[in-house]
Protein chains: 2
Amino acid sequence: MFSNSAKYAIKAVLYLAVNSSEEHKIMIKDLAKPINVPRHYLAKLLQDLSKKHLVSSIKGPKGGFYLSAKNRKEKVIDIINAVDGEERMKACLLSLEGCNANNPCSLHHLIYDERQAILKNLNKTSLDHLAEHIKSGKSILPL
Amino acid sequence: MFSNSAKYAIKAVLYLAVNSSEEHKIMIKDLAKPINVPRHYLAKLLQDLSKKHLVSSIKGPKGGFYLSAKNRKEKVIDIINAVDGEERMKACLLSLEGCNANNPCSLHHLIYDERQAILKNLNKTSLDHLAEHIKSGKSILPL
DNA sequence: AAAAAAATATGACTTAAATCATATTTAAGA
DNA sequence: TCTTAAATATGATTTAAGTCATATTTTTTT
Ligand code: FES
Ligand code: FES
């Protein structure tokens with residue numbers, strides 16, 4: 001469903017949503033350990049997200065990564081799409097080209113509605129919102 | 001969601017469900033072309049499914065692959081699990097180990113119910129049933 | 001201004017998935 | 001029984017995803 005990279009990115013961004021702020025930036029090495037993601041790989045991912053303005057970063061001493069107020073308003077789907085590309089979540093399950101309701105592949109009926117529902121959920125849920133869930137103990141931040 | 005291999009396997013098995021019978025076996029080369037799957041790769045996949053008794057095959061001249069009556073009763077999920085392993089469809093989306101309702105990861109609530117619904121659909125739908133759909137024009141067999 | 005600490009940029013390496021190739025076995029038909 | 005046509009078995013090659021390493025740039029602190 002998601003690539004490994006997207007999973008890593010989500011974990012990292014949520015960790016930042018819960019633990020960082022403009023006044024409390026987090027260095028890559030202090031982020032990689034708790035979420036259990038290879039350090040250099042994570043660096044690459046975050047640099048990419050930073051370039052796309054989905055996370056904030058400051059170089060140099062006292063620098064690090066954090067989420068700005070604006071970053072926190074982003075939806076989960078935006079992180080996923082930034083990493084995996086827009087297509088991955090929308091593509092036909094059997095990778096058929098002309099997938100639509102008029103030309104449904106054999107698995108379409110077994111999956112399409114639920115898939116749309118998931119998309120909708122990912123589209124409407126902000127990082128902020130998930131961070132609140134985590135803080136209030138409704139869900140956990142995975143290792 | 002599914003691996004490339006699983007997609008190929010589903011396409012192949014459905015093609016066999018629609019077009020083959022014990023009296024009309026299909027050779028690998030005549031199967032690979034219409035469903036647009038690399039020939040040798042497909043051979044490997046089907047040999048594996050054959051070993052697991054999910055498809056039937058006969059060697060030698062006049063031989064080929066086909067689906068027996070029993071094969072046709074198998075559920076879609078069985079094909080998927082045979083190729084991708086039992087775990088893949090059940091694993092936590094963020095690859096967390098102790099994923100369950102008591103210990104839900106941050107995305108759990110956004111996806112779990114829909115995912116279960118999909119699983120249920122794949123679990124109850126037989127190849128036979130999908131083949132009927134295709135024959136009656138309710139869905140198509142993808143290239 | 002110099003030194004140090006951080007992200008950034010670039011690229012090399014490794015691993016697993018996907019693809020391709022070939023030799024072997026089995027069964028049919030002449 | 002011999003030839004031929006098919007699946008089967010095994011393994012090599014390629015490609016893409018994931019991982020690791022290092023040099024560069026930027027900013028802070030002294
Ligand atoms: S046509 Fe394949 S999922 Fe819609
Ligand atoms: S805990 Fe991750 S999907 Fe259930």
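All values derive from a computational prediction rather than experimental measurement. Chain identifiers are assigned alphabetically (A, B, ...) following the order of the sequence lines, protein sequences preceding nucleic acid strands; residue numbering begins at 1 within each chain.
- Listed for the A:Arg115 side chain is a donor-acceptor partner under 3.5 Å among the backbone atoms of A:Met89.
- Protein atom CG of A:Asn4 is 11 Å distant from nucleotide atom P of C:dA17, rounded to whole Å.
- Taking only side-chain atoms of B:Met27, from C-beta outward, the nucleotide of C:dA6, D:dA6, D:dA9 with the closest atom is D:dA6.
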For this session: For the pair A:Asp48 and A:Lys44, evaluate salt bridge (charged side-chain N to carboxylate O under 4.0 Å, His left out) and give the outcome as yes or no after the intermediate values.
Result: CA-CA 6 Å; A:Asp48 195 40; A:Lys44 236 183 202 172; over 6 Å; no
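- Hydrophobic clustering (ILVMFWY, side-chain heavy atoms < 4.5 Å, transitive): A:Tyr41 and B:Leu94 are in one cluster.
- For B:Ser5, counting side-chain heavy atoms from C-beta on, the closest listed nucleotide (D:dT8, C:dA18, C:dA21) is C:dA18.
- In this structure, B:Tyr8 atom OH and C:dA17 atom P are separated by 15 Å, rounded to whole Å.
- Hydrophobic cluster membership differs between A:Tyr112 and A:Leu119, with clusters built from Ile, Leu, Val, Met, Phe, Trp and Tyr side chains linked at under 4.5 angstrom.
- In this structure, B:Leu46 reaches neither bases nor backbone, as no heavy-atom distance under 4.0 Å exists between it and the strands shown.
- The NZ-P distance, from B:Lys29 to D:dA5, rounds to 9 Å in whole Å.
- Nucleic acid contact for B:Leu45: none, since no nucleic acid atom lies under 4.0 Å from a heavy atom of the residue.
- Atom NZ in B:Lys51 sits about 8 Å away from atom C1' in D:dA9, given to the nearest Å.
- Of the listed nucleotides (D:dA7, C:dT8, D:dG18), D:dA7 has the atom at the smallest distance from the side chain of B:Gln47.
- When the side-chain nitrogen and oxygen atoms of B:Ser57 are compared with OP1 and OP2 of D:dA6, none of them lie within a distance under 4.0 Å.
- Between C:dA7 and A:Ser50, no contact under 4.0 Å exists linking OP1 or OP2 to a side-chain N or O.
- The structure places OG of A:Ser68 at 10.0 Å from CG of A:Leu54, a figure rounded to the nearest 0.5 Å.
- One interatomic measurement links the two molecules: NZ of B:Lys62 to P of D:dT4, which rounds to 17 Å at whole-angstrom precision.
- Heavy atoms of A:Leu42 sit nowhere under 4.0 angstrom from any nucleic acid atom.
- Between B:Tyr41 and C:dA17, a side-chain N or O to OP1/OP2 separation shorter than 4.0 Å is absent.
- Residue-to-nucleotide contacts include a donor-acceptor pair under 3.5 Å from the side chain of B:Lys44 to the base of D:dG11.
- C:dT19 atom P lies 16 Å from atom CG of B:Asp48, rounded to whole Å.
- Note: NZ (A:Lys7) to C1' (D:dG18) measures 13 Å, nearest angstrom.
- Between B:His40 atom NE2 and D:dA12 atom P the separation is 16 Å, expressed in whole Å.
- Positionally, the nearest nucleotide of DNA chain C for A:Ile58 lies more toward the 5' end than for the other of A:Ile58 and B:Pro38.
- With C:dT25, D:dT22, C:dA18 as the candidates, the nucleotide lying closest to the side chain of B:Lys59 is C:dT25.
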